[in-house]
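Comments concern the structure below.
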Amino acid sequence: MDRPTLPEVVMGHAQRFPGRKALVSVSYDGTAPADQVLTYGELHAAALSLGSHLRRSCEVGDRVLLLYPSGPDFLIAFLGCLYAGAVPVPAPLPTGPRHHLDRTTGIALDADVSAVLTQARDLVTIADWLDQDGIADLPVTATDVAHPGRSLTAPVRTDPGTTAYLQYSSGANNRLRGVVVTHDCLVDNLRLIQRTYRLTATDTFCTWLPLHSDLGLVASLLEPLHLGGTAVVMPPHAFVSAPHRWLELIDRSGATISFAPSSAFELCVRRVTDEQVGRVDLSRWRHACNGGEPIDPGTLAAFAARFAPARFRETALRPGYGLAEATLLVTGAGPDRAPTVVRVDPRELENGRFEPVPPGAEGKPLVSSGTIDGLDVRVVEPDLAAELPDGRLGEIWVRGGSVTAGYWRRGTETEAAFGGVLGSGEGRFLRTGDLGVRHGGELYVLGRLADMMFLQGRTLHPRDVEQAALAADGTSTGLAAAAFLLAGSRNVVVVQEVDADRVGRDGVARLADAVRRSVGRRMGILVSRLVFVPPGGLPRSTRGKVQRALVEELFLADALTPLDALPGPRTREPSRRPAPLATTGRKAG
């Protein structure tokens with residue numbers, strides 16, 4: 001028997017407890033935060049009404065672009081599309097920097113959408129964007145305006161294997177690809193999240209993440225809907241401008257679970273004041289889920305220590321790993337234990353081996369991304385398609401019910417990424433493109449294979465180079481850097497944000513010398529080119545993650561806005577590709 005789809009589950013919730021809160025949307029436009037409540041009964045009725053409108057204007061399977069800020073109208077539009085059998089395509093509002101507008105335009109064109117849904121207050125902005133980018137013929141509907149007509153009586157019945165929505169990943173590789181998430185993949189992953197964190201309908205979720213991102217959409221919005229729980233959402237900009245608001249909302253709403261990337265936890269450590277810490281009680285926050293980007297074990301420890309006075313428990317920290325191609329969650333740390341951190345020999349790690357050092361010895365700390373349970377996760381030598389034993393680094397391959405149907409209208413790329421077959425003949429696996437290792441039944445994720453630097457027979461992670469650069473002096477707190485190896489060369493480039501007011505104009509050259517010395521001392525490599533940009537000068541994803549690949553593109557196109565560009569020495573370094581990881585990207589198995 002087929003499992004009920006999400007629309008069927010939500011309809012059941014609305015029938016059984018129509019007055020229960022489905023969504024609480026918090027705004028910060030006034031002197032105090034204001035709540036807007038949407039019950040399950042109201043959500044179901046509004047989705048039926050919008051679904052009826054869409055049935056009159058769209059065919060089943062048509063893609064519909066959703067352009068909303070975080071709030072009830074996004075949820076009604078998303079569910080209304082599912083009720084009508086249309087395919088919602090969440091995307092960021094076309095505002096801000098040009099590359100954000102280009103991304104939204106690219107999504108609209110790639111998904112071949114039939115219509116755009118938004119709020120009345122954004123109609124003019126969206127009309128201007130459509131006209132400017134040459135797609136003004138798309139019909140635009142404001143869903144917060146009444147649409148007369150008879151409403152549907154129930155969601156359109158859809159096969160669980162059909163497409164539920166398209167998820168355009170907001171990761172750091174800057175490649176525009178729509179992940180095809182089917183109804184059964186979605187339900188499978190929602191159940192995996194529920195089992196991993198032992199969630200029930202009594203749990204309250206809280207998020208500031210953009211709802212068009214996979215972590216915001218699946219983990220923070222659709223999961224509580226599936227459970228019959230409550231989602232509490234706040235605007236992303238409200239968190240970025242004042243991180244304490246996130247923690248205050250967790251306290252005020254009684255939230256038990258909240259997902260965020262590692263950078264958000266680090267931002268709270270740096271910017272939440274002692275007075276603000278003293279105003280919150282985080283004792284009910286049982287699941288502080290950390291994912292969406294590589295996890296810094298130092299950030300976990302610092303967050304636990306910083307907010308211990310607010311009754312936050314280290315055992316609430318939940319590192320995890322996931323990606324849009326697997327709907328979301330792949331592994332996660334279970335309840336009631338502190339994060340697992342293992343110190344390993346850094347030289348062995350650079351040679352592809354995970355070797356813990358003896359207790360008390362110096363080593364590189366790595367944090368576990370949780371237990372492998374619910375999906376088939378392998379670590380594979382990618383060139384040979386050979387499964388590697390525990391303790392050996394390789395590409396993470398995944399298969400199971402949560403793995404999605406592939407990339408929208410990209411057959412070749414779908415086969416390359418989703419058609420992994422081991423040398424033993426086992427398949428089909430999703431080839432994640434991520435570097436990882438299994439140890440003690442848990443998964444450790446080191447980053448993107450394509451980002452790795454292969455120098456002097458060593459495998460180096462750019463994050464380590466970036467941290468070495470930022471540690472050069474005390475002026476880089478809160479800023480970011482991007483390091484990469486120019487394709488086909490031995491040249492390491494570092495693009496780093498610098499606050500000129502902190503270092504002073506006369507201090508830029510001294511800082512450049514300090515950065516090169518710090519990277520050389522800590523990493524044993526030479527920075528061939530160092531570019532300083534102002535704070536905020538590095539492009540970031542909607543989650544705030546630096547888009548390293550886009551930085552490289554801008555560098556090559558001479559399109560960065562440098563504070564000071566300092567050409568470095570051109571000393572050539574020998575480059576030997578290490579075994580067994582002689583690859584920097586995906587390759588069909």
Can you list every side-chain hydrogen bond (donor to acceptor under 3.5 Å, both in side chains) pair that touches residues 16-29, not counting sequence neighbours?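 Qualifying pairs, neighbours excluded: His13-Arg16.
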
Are side-chain N/O atoms of Asp188 and Ser402 paired as donor and acceptor at under 3.5 Å?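 Yes, a side-chain donor-acceptor pair sits under 3.5 Å.
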
Under a 3.5 Å threshold, yes or no: a donor from one side chain and an acceptor from the other, between Asp73 and Thr143?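 Per modelled atom types, Asp73 and Thr143 side chains form no pair under 3.5 Å.
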
Write out all pairs satisfying ring-ring contact (aromatic ring centres under 6.0 Å, His included) with one or both partners inside residues 358-377, taking only residues at least two apart or from two chains.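 Residue pairs passing ring-ring contact (aromatic ring centres under 6.0 Å, His included), neighbours aside: none found.
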
Please check if the distance between the ring centroids of Phe429 and Phe418 is under 6.0 Å.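 No, they do not, as the ring centres are separated by 6.0 Å or more.
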
Could you give all pairs that pass the salt bridge (charged side-chain N to carboxylate O under 4.0 Å, His left out) test and reach residues 30-48, with sequence neighbours left out?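 For residues 30-48, and leaving out neighbouring residues, the salt bridge (charged side-chain N to carboxylate O under 4.0 Å, His left out) pairs sorted by first residue read Asp35-Arg252.
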
Once the angle between the rings of Trp285 and Trp246 is folded into 0 to 90°, is it parallel (under 30°), tilted (30 to 60°) or perpendicular (over 60°)?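 Trp285 vs Trp246 ring planes: perpendicular.
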
Below 30° counts as parallel, above 60° as perpendicular, anything between as tilted: where do the rings of Tyr40 and Phe17 land?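 Correct class here is perpendicular.
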
Residues which pass ring-ring contact (aromatic ring centres under 6.0 Å, His included) with His183, listed by chain and number, not counting sequence neighbours: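 His183: no ring-ring contact (aromatic ring centres under 6.0 Å, His included) contacts found.
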
Set of salt bridge (Lys or Arg N to Asp or Glu O under 4.0 Å) partners for Arg337, sequence neighbours left out: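 Result, salt bridge (Lys or Arg N to Asp or Glu O under 4.0 Å) vs Arg337: Glu442.
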
Suppose we screen for salt bridge (Lys or Arg N to Asp or Glu O under 4.0 Å). Which residues come up paired with Arg343, at least two apart in sequence or across chains?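 By the salt bridge (Lys or Arg N to Asp or Glu O under 4.0 Å) rule, Arg343 matches no residue at all.
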
Check step by step if salt bridge (Lys or Arg N to Asp or Glu O under 4.0 Å) holds for Asp464 and Lys364. CA-CA 10 Å; Asp464 295 330; Lys364 179 180 175 62; 2.8 Å; yes

